Participant: 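Attaching a single structure in structure tokens format; questions to follow.
No hydrogens, no waters, no symmetry mates; every other heavy atom, side chains included, goes into these values. Given the structure is predicted, the values throughout are model-derived calculations rather than measurements.
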Amino acid sequence: MPKKSGAPSDTTCDATFDVVVAGAGMVGATAACLFAKQGLRVGLLDSKSVPDWQADTICPPGDSRVSAVNIASMNIFRELEVWQAMLDKRVSRYHAMHVWEQGGDAAISFDAQALGQPQLGFIIENSVMVSALIEKLRQNYNASIMESTSLSQRQIHKDKLVLVTADNKSLECGLLVGADGAQSKVRELCDIDTASFDYEQDAIVTRVTTEKNHQKTAWQSFLPTGPVAMLPLQDGRCSIVWSCDRAGGMDCADRLMDLSDDAFCTVLSSYFDQHLGRVLECDERFRFPLRQYHAAHYISKYTALAGDAAHITHPLAGLGANIGFMDAAALAEVVNTARTKGQNISNHSVLRRYERWRKGENALVLGMMKGFKTVFGHDQEPIKTARRLGLNVADRMPPLKAQFAKYAMGLSGDLPEICKG
């Protein structure tokens, strides 16, 4: 007889796992790999189908997203034995970063050689990371990938959870990890609130071809209407992230989206001409609203949030993906520690350690990004003078600059062991 809808009994579960991870994006797939490597039975589910890797297309059509990946995140991927697979696909190393304020003389530069590092970081298409992680999971008999399905119910049964999917399957698990993005269903099912802050900006994302080589350098210009970053890609093009005010100003988001491709390239060229020459052509533009939010709690009964399900921040410093990867690594570390001590991996005390660890670290990043938006989002002369002075002073103080760079590179801070390499 077909199974009836509603609460499943303990004897009708379709599958049993130690951990179920909701969300097969970068952070969710990383968490699933980490748990599977520990020998745990892992179920990974996502509301969409996992896309096939498109080897001949840099940034597949409809998906222009790339992420700045730091050294700590690279160490996670190396430990998971997926880093070489990413390198075999496409990874763009960058060795320098140059940041300046448009219309002024304030600037700061970072150089890997001066910091004693082979590179500052990597620009990687999100699809590269997801495909390498999913391929690894498919090789692990402890992992099961469930595509095109989502959670509809989360039920607490004594010392476990029973999850009901949208297609009426029931999954039994000891721990549920919500890595299902900004509109997290897991967070909703746990009734966890978020504190939010609207940046009042949209990110315009595309790829461009420039007259001059990007020199394996990340370029970022602070404009009166928001920062624009050019990130080097392996094929010589750049991925741009232009954070634009929604209203006011000649180059606000509405105006930029309405421009023809040639006109858009002309406007962009005016901000990067001295460094990269003219912008010759651009791909289709995509627009995303920019908001910051932070979950009031990272944990609930037998449940933990990670990545965008727990926090979203401004793409300004390229830290968003990295703090998500560190969420996954920290959660896996506290779970593994609990197992070695014979504890239940979903005990409140175990999950609370994860929450205390990551929520505090992430709050620092979110606070810093909110502060940057405030400082660089004002055009009053006293604030402009202060920020120009701050950039120039920091650029002339190597120890201070190195400290900031090492934090951004994932070489300092309260890092999970796997991130330390």
Participant: Taking salt bridge (Lys or Arg N to Asp or Glu O under 4.0 Å) as the test, write out the residues that go with Arg41, two or more places apart.
Facilitator: Asp18
Participant: Are Tyr407 and Val365 close enough that some pair of their side-chain heavy atoms sits under 4.5 Å apart?
Facilitator: yes
Participant: Just distance, no hydrogens or angles: give the donor-acceptor pairs under 3.5 Å from side chains in residues 74-83, sequence neighbours left out.
Facilitator:
| unit_1 | atom_1 | unit_2 | atom_2 | d |
| --- | --- | --- | --- | --- |
| Asn75 | ND2 | Ile71 | O | 3.4 |
| Asn75 | ND2 | Cys419 | O | 2.7 |
| Glu81 | OE1 | Lys136 | NZ | 3.2 |

Participant: Trp100 pairs by ring-ring contact (aromatic ring centres under 6.0 Å, His included) with which of Tyr271, Phe272, Phe222?
Facilitator: Phe272
Participant: Show your reasoning for whether side-chain hydrogen bond (donor to acceptor under 3.5 Å, both in side chains) applies to Asn322 and Ser73.
Facilitator: CA-CA 6 Å; Asn322 295 293; Ser73 298; 2.7 Å; yes
Participant: Does a salt bridge link Arg246 with Glu200, judged by any charged N lying under 4.0 Å from a carboxylate O?
Facilitator: no
Participant: Please tell me if the side chains of Thr217 and Met97 come closer than 4.5 Å, counting only heavy atoms from C-beta onward.
Facilitator: no
Participant: Would you check if there is a donor-acceptor pair between the side chains of Gln119 and Tyr94 at a distance under 3.5 Å?
Facilitator: no
Participant: Is it the case that Asp167 and Thr149 place a side-chain donor and acceptor less than 3.5 Å from each other?
Facilitator: yes
Participant: So, Arg187 and Asp193, do they make that salt bridge, N to O below 4.0 Å?
Facilitator: no
Participant: Can we say Lys185 and Asp180 salt-bridge, meaning some charged N sits less than 4.0 Å from an Asp/Glu carboxylate O?
Facilitator: no
Participant: Does a donor on one side chain and an acceptor on the other come within less than 3.5 Å for His314 and Gln201?
Facilitator: yes
Participant: Indicate yes or no: does Glu125 engage Arg90 in a salt bridge with an N to O separation below 4.0 Å.
Facilitator: yes
Participant: With Asp262, which residues qualify under salt bridge (Lys or Arg N to Asp or Glu O under 4.0 Å), at least two apart?
Facilitator: none
Participant: Does the side chain of Glu147 come within less than 4.5 Å of Asp46's, by heavy atoms?
Facilitator: no
Participant: Just so I know, are the side chains of Leu115 and Leu120 near enough to count as touching, which here means a heavy-atom distance under 4.5 Å?
Facilitator: yes
Participant: Whether Arg291 engages the ring of Phe197 as a cation-pi pair (distance to the six-membered ring centre under 6.0 angstrom, angle to the ring normal within 45°) should be assessed.
Facilitator: no
Participant: May I have all residue pairs that pass ring pair (Phe, Tyr, Trp, His ring centres under 6.0 Å) and include part of residues 329-358, sequence neighbours excluded?
Facilitator: none
Participant: Would Tyr298 and Asn362 count as having a side-chain donor-acceptor pair, cut-off 3.5 Å?
Facilitator: yes
Participant: Excluding sequence neighbours, so at least two apart, what forms salt bridge (Lys or Arg N to Asp or Glu O under 4.0 Å) with Arg339?
Facilitator: none
Participant: For Arg358, give me all partners under salt bridge (Lys or Arg N to Asp or Glu O under 4.0 Å), at least two apart in sequence or on another chain.
Facilitator: Asp327
Participant: Just by distance, no angles: are the side chains of Thr209 and Arg237 close enough, under 3.5 Å, to form a donor-acceptor pair?
Facilitator: no
Participant: Taking atom types as modelled and ignoring hydrogens, do the side chains of Asn347 and Ser349 form a donor-acceptor contact shorter than 3.5 angstrom?
Facilitator: no
Participant: Check the side chains of Thr206 and Asp283 for a donor-acceptor pair under 3.5 angstrom, ignoring hydrogens and angles.
Facilitator: no
Participant: Would you say Ser221 and Gln102 are linked by a side-chain donor-acceptor pair, where the criterion is simply a distance under 3.5 Å?
Facilitator: yes
